[in-house]
Structure formats: structure tokens, C-alpha cells
Chemist: 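Just dropping this structure here.
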Amino acid sequence: MRDVAIIGAGPTGLCLASTLAAAGLKVTLIDRLSAEELSCPPPDGREIALTHSSKQLLNDMGVWQRLADDEIAPLQQARVFNGQSTWSMGFGDASSASPLGFMVPNHAIRRAVWQAANLDGIRFLHTGLTSVSTNVHCASLKLEDGTTLQARLAVAADSRFSISRRQMGIAAEMRDNGRSMMVCRVNHEVAHDQSAWEWFDHGQTLALLPISEHLSSAVVTLSERQMAKLMALDDDALGIQLTERYGGRLGRMTLADKAHVYPLVSTYAERFHSRRFALIGDAAVGMHPVTAHGFNFGVHSQQRLARRVIAAFQRGEDIASSRLLAAYDREHRLATRPLYLATQAIVRLYTDERPTARALRRLGLRLGDKLSPVRELVSRHLQGDLHPPRISELPHSALPRLPLPRPLDS
């Protein structure tokens with residue numbers, strides 16, 4: 001009988017496994033990827049925006065120290081554009097000694113988490129999951145290699161499309177945004193000021209994430225059909241297209257690396273636990289990237305669960321009691337639900353091309369720029385507040401009453 005079985009060896013699952021193993025728990029980690037693939041993940045185009053609190057957490061786990069200096073880019077400011085206007089609402093101060101956050105490549109985080117992990121205390125099973133079920137005593141996991149594993153607690157860390165979540169009968173709100181996201185690194189002629197752009201243009205959503213003075217990560221969100229046409233271009237033609245799409249604001253753009261495409265699907269689990277079963281990372285909350293909180297929510301979810309499990313283990317108590325898992329569920333829901341709902345409202349408003357929606361978002365940006373409490377709350381969260389600003393903290397005038405998207409069947 002193992003103490004904890006974790007399904008998924010992404011950075012969130014691996015962080016949890018390492019933390020629990022270091023505290024003396026018997027941990028099994030299940031993932032189809034080999035040790036070689038997990039230890040040396042290839043670049044996948046994704047850049048992760050880390051808050052100060054996430055940086056501190058990674059530092060405490062020995063992960064941050066394993067990132068190379070050139071893999072960490074300070075994020076001094078964030079700017080939000082709408083349509084063809086050159087005006088933007090800004091967050092942060094370019095002259096501040098403390099940046100808003102930090103940009104780190106996803107594959108670098110994965111590699112550093114592996115290097116920092118307490119591997120000697122983790123039993124790896126490089127296979128897939130066939131089924132998971134629980135009773136009052138334990139969780140039973142049947143694996144593709146024919147083995148059956150029992151653990152006091154099973155934890156799903158197997159992506160926003162979690163198979164184990166579905167097998168345990170936990171529903172999830174799922175919003176397919178009907179668009180795809182292309183990410184790639186680009187060189188540009190004009191130097192930027194280490195500010196991130198979020199540009200809600202007509203028919204497309206663009207982001208530009210700073211890496212170095214003349215290097216950024218370009219993020220383009222389009223419909224499936226438009227994305228297929230864009231990805232059919234060769235590198236030179238794609239560079240020309242990106243230059244045009246970004247309005248030439250940073251001069252000529254050329255590809256610095258391979259472009260990758262991902263579907264845009266947001267998920268929020270109906271609950272984050274069941275009997276002897278818990279959800280962390282994207283299996284619990286799969287965020288739309290517009291507010292850049294997906295990984296931050298994930299790394300804090302494992303910390304919230306680990307803290308409770310270790311405390312119960314050290315007291316000789318049940319590490320998967322219903323009371324413990326319900327407390328984790330409540331804490332993580334309070335920390336994530338307000339921003340998840342706000343993000344869905346933002347995405348719905350800023351991808352609506354009707355004239356009334358365009359007018360409303362122009363008004364919203366202008367109003368938000370004049371309301372310093374709004375900008376201060378966002379900046380405060382990025383610079384170290386563990387909890388996102390709650391809806392009740394925001395001025396009522398900054399909150400348009402928008403219908404939230406209806407959940408889709410999971």
C-alpha cells in the first residue's frame with residue numbers, strides 16, 4: 001500500500017510528488033513518458049508568466065535556482081490594447097526595481113522541476129492509467145502494463161482533459177473557445193521596454209511577451225480555419241504575416257524558433273475532491289491564457305494539498321480524510337473561482353465583434369485606466385499577494401454585468 005499515487009508527471013504533479021516524498025511519504029508517480037523524456041523536455045513554444053509568490057514557492061522547492069539566468073526575463077509592465085488604437089491601459093512601472101513578474105519557458109520549468117525533485121523517494125511507473133476507483137480504505141488504480149496499485153490517496157495531475165477526473169465521476173465546466181493559439185519566439189527590429197502586450201484586435205487576439213531586448217514570444221489567437229492558413233506559410237512568409245498583424249509596432253519580425261499551435265479550452269472542475277481522490281493543476285482549473293494564471297494556480301494547488309497531507313501524516317492521522325480534502329477544496333476554490341469567472345467574462349467580451357461589445361470594451365479600458373485601485377489590485381497580486389483580488393474588492397463601476405458562458409457537457 002502506497003501513501004499517495006499521483007497521475008501525471010508534469011511540473012505540478014512532480015512538485016507534489018517531490019514535496020511529499022521529502023516529508024517521508026511513500027509516493028508513486030504514473031506517467032507514460034520515460035525518465036529521459038521527463039528530464040530533457042523539448043521546447044514547446046510556451047512562455048510562463050510567474051508571479052512573485054510562485055517564484056518564491058519554486059525557490060523554496062529548489063527549482064528556481066536551477067533555471068539559467070538567460071531563461072528568466074523580468075516583466076516590468078503589462079499593456080492592454082483594443083482594436084487599432086495605439087492607446088493602452090498599463091500596469092506596472094518600467095522604472096521600478098521590482099518587476100510585475102517573470103517570464104520563463106515552460107520546458108525550462110519542467111526540466112528544473114525534474115532536476116530539483118527528490119527522485120530517490122519517488123517510485124516511477126512509466127505507463128498509462130486504465131481505471132481508478134476508491135473505497136473507504138484506499139484508491140485502486142489499474143495500469144496499462146497490467147499492474148494494480150493501491151494507495152491511501154490518489155491525485156489527478158493529468159491535464160485539463162483529465163481521464164482520471166472523468167473516471168471518478170467529477171464533472172467539469174468546459175468552454176471550448178472555438179479558437180486556436182499559435183506561439184513562437186520572434187526577433188524584432190525595435191527594442192521593447194520589457195512590457196507584455198495583450199491586444200484585442202478585430203478578428204484576432206494577440207499577445208507579445210518580452211524575453212530580451214529584441215526577442216519576444218508572439219501569441220496569436222485565431223479561428224481554426226484562419227490558423228490553418230497561417231501555419232501553412234513558410235518561416236519567411238509567417239514572419240511577414242506577424243509583422244503585419246502586430247501593425248509593425250516593433251518593426252520587422254522574423255521567426256526565432258518553431259511555431260506551435262494549441263486549442264483554447266478552459267475547464268473548471270465541479271469539485272476538487274472525491275473519496276480518497278484530489279485534483280490539482282489543470283485537472284482542477286484549466287485557465288484561458290489571457291490572464292496568465294494557469295501555471296500559478298497549478299503550482300499553488302499542489303502546495304495547498306501537500307501542506308495538509310504532510311501535517312496529517314506527521315500527526316499520524318488519515319492523509320485522505322474527507323475533512324482534509326474538503327478543506328483543500330474550499331481553499332483552492334476561493335483562490336481561483338473569482339479570477340476564473342472574471343477571465344471568462346473578459347474573453348467573452350473581448351472576442352465579441354458586435355459594435356456594442358466593441359464600444360463597451362473601449363469604455364471598460366478607459367474607465368479601468370482611470371481607476372487606480374483596479375490597477376493597484378492587479379499589480380499587488382502579481383507582485384506577491386497569494387490570492388487574486390476578489391470581486392468584492394473591485395470598484396462596482398469597474399465590473400460590467402456580463403452573462404457568464406454556460407458550462408458545456410464534459
Side-chain angles (χ1 to χ4, degrees), residues 6-22 29 31 33-75 99-119 122 124 155 157-160 181 183-185 194 196 207 209-212 215-217 219 256-258 260 262 280-289 291-306 336 382 384 386:
I6 301 170
I7 307 155
T12 302
L14 191 52
C15 279
L16 178 64
S18 180
T19 301
L20 297 180
L29 192 56
D31 199 292
L33 295 181
S34 67
E36 291 74 20
E37 291 171 308
L38 290 168
S39 63
C40 191
D44 59 10
R46 291 178 289 183
E47 306 289 334
I48 305 299
L50 294 172
T51 63
H52 284 253
S53 58
S54 294
K55 173 194 172 184
Q56 184 60 52
L57 188 53
L58 292 176
N59 186 76
D60 293 343
M61 292 187 291
V63 174
W64 187 260
Q65 301 89 321
R66 297 175 185 273
L67 296 169
D69 290 344
D70 61 1
E71 291 175 328
I72 303 169
L75 178 60
L100 274 178
F102 308 89
M103 301 301 308
V104 182
N106 183 60
H107 76 277
I109 294 176
R110 295 173 66 93
R111 185 203 68 237
V113 169
W114 175 271
Q115 293 173 346
N118 179 34
L119 299 177
I122 302 171
F124 275 93
V155 179
D158 52 345
S159 87
R160 66 190 63 198
M181 175 183 72
V183 289
C184 64
R185 287 190 168 194
Q194 291 303 123
L209 310 175
I211 297 171
S212 60
L215 178 67
S216 297
S217 173
V219 184
D257 208 341
K258 179 182 176 182
H260 300 259
Y262 300 95
I280 63 171
D282 280 0
V285 183
M287 290 288 287
H288 189 287
T291 52
H293 276 86
F295 181 82
N296 295 290
F297 280 169
V299 74
H300 282 286
S301 69
Q302 64 82 30
Q303 187 264 347
R304 292 180 180 115
L305 181 61
T336 59
L382 291 172
L386 288 177

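Residues take their numbers from the sequence shown, with the count starting at 1. Treat the numbers as computed from the prediction; the structure is a model and nothing was measured.
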Chemist: For Ile109 versus Pro11, what's the shortest heavy-atom pair and its separation?
Modeler: CG2-CB, 4.4 Å

Chemist: Report yes or no: does Ser301 contribute a side-chain atom to a donor-acceptor pair with the main-chain N or O of Gly281 at less than 3.5 Å?
Modeler: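 At least one qualifying donor-acceptor pair exists.
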
Chemist: Determine whether the side chains of Ser54 and Asn296 contain a donor N or O and an acceptor N or O closer than 3.5 Å.
Modeler: yes

Chemist: Heavy atoms only: give me the nearest Gln65-Asn59 pair and the separation to one decimal.
Modeler: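 For Gln65 and Asn59, the tightest heavy-atom pair comes out as NE2-O, 3.1 Å.
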
Chemist: Please find the pair of heavy atoms, one from Leu57 and one from Gln303, that lie closest to each other, and give the distance.
Modeler: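 Heavy atoms only, the tightest pair is CD1-CG, 3.6 Å.
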
Chemist: Any ion pair linking Asp257 and Arg185 (charged N to carboxylate O, less than 4.0 Å)?
Modeler: no

Chemist: Would you compute the distance between atom CD1 of Ile72 and atom CH2 of Trp64 and round it to the nearest 0.5 angstrom?
Modeler: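 It comes to 4.0 Å.
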
Chemist: Output the distance between atom CD1 (Ile211) and atom CE (Met103), rounded to the nearest 0.5 Å.
Modeler: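 Those atoms lie 7.0 Å apart.
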
Chemist: With a 4.5 Å heavy-atom cut-off, do Ile7 and Val155 have their side chains touching?
Modeler: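 Heavy-atom side-chain distance check fails, nothing below 4.5 Å.
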
Chemist: Please report the closest heavy-atom contact between Ala9 and Leu38, naming both atoms and the distance.
Modeler: O-CD2, 3.7 Å

Chemist: To the nearest 0.5 Å, tell me how far Asn106 CG sits from Ile48 CD1.
Modeler: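 CD1 of Ile48 is found 4.5 Å from CG of Asn106.
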
Chemist: Nearest 0.5 Å please: distance from the OG1 atom of Thr19 over to the CE atom of Met61.
Modeler: 5.5 Å

Chemist: Quick one: does His260's side chain have a donor or acceptor within less than 3.5 Å of a partner on Met181's backbone?
Modeler: no

Chemist: As a quick check of understanding, evaluate side-chain contact (heavy atoms from CB on, under 4.5 Å) for Leu16 and Ile280, giving each step before the final call.
Modeler: CA-CA 9 Å; Leu16 178 64; Ile280 63 171; 3.7 Å; yes

Chemist: Could you check whether any side-chain heavy atom of Phe297 comes within less than 4.5 Å of a side-chain heavy atom of Asp282, counting everything from C-beta outward?
Modeler: no

Chemist: Going by side-chain hydrogen bond (donor to acceptor under 3.5 Å, both in side chains), name the pairs with one or both residues in residues 8-18, residues two or more places apart or in two chains.
Modeler: none

Chemist: What distance do Leu305 atom CG and His300 atom NE2 have between them, rounded to the nearest 0.5 Å?
Modeler: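 So the CG of Leu305 and the NE2 of His300 are separated by 14.5 Å.
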
Chemist: Any heavy-atom pair between the side chains of Cys15 and Val113 that's under 4.5 Å?
Modeler: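 Counting from C-beta outward, Val113 and Cys15 do come under 4.5 Å.
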
Chemist: Nearest 0.5 Å please: distance from the CZ atom of Phe295 over to the OG1 atom of Thr51.
Modeler: 10.0 Å

Chemist: Going by salt bridge (charged side-chain N to carboxylate O under 4.0 Å, His left out), name the pairs with one or both residues in residues 52-66, residues two or more places apart or in two chains.
Modeler: none

Chemist: Assess whether side-chain hydrogen bond (donor to acceptor under 3.5 Å, both in side chains) is satisfied between Ser53 and Gln56, documenting all intermediate values.
Modeler: CA-CA 5 Å; Ser53 58; Gln56 184 60 52; over 6 Å; no

Chemist: If only atom types and distance count, is the side chain of Gln194 paired as donor or acceptor with the main-chain N or O of Leu75 below 3.5 Å?
Modeler: no

Chemist: Could you report the tightest heavy-atom contact between Gly62 and Ala116, atom names first, then the distance?
Modeler: O-CB, 3.4 Å

Chemist: Quick one: closest heavy-atom pair of Pro74 and Pro99, and the distance?
Modeler: CB-CB, 4.1 Å

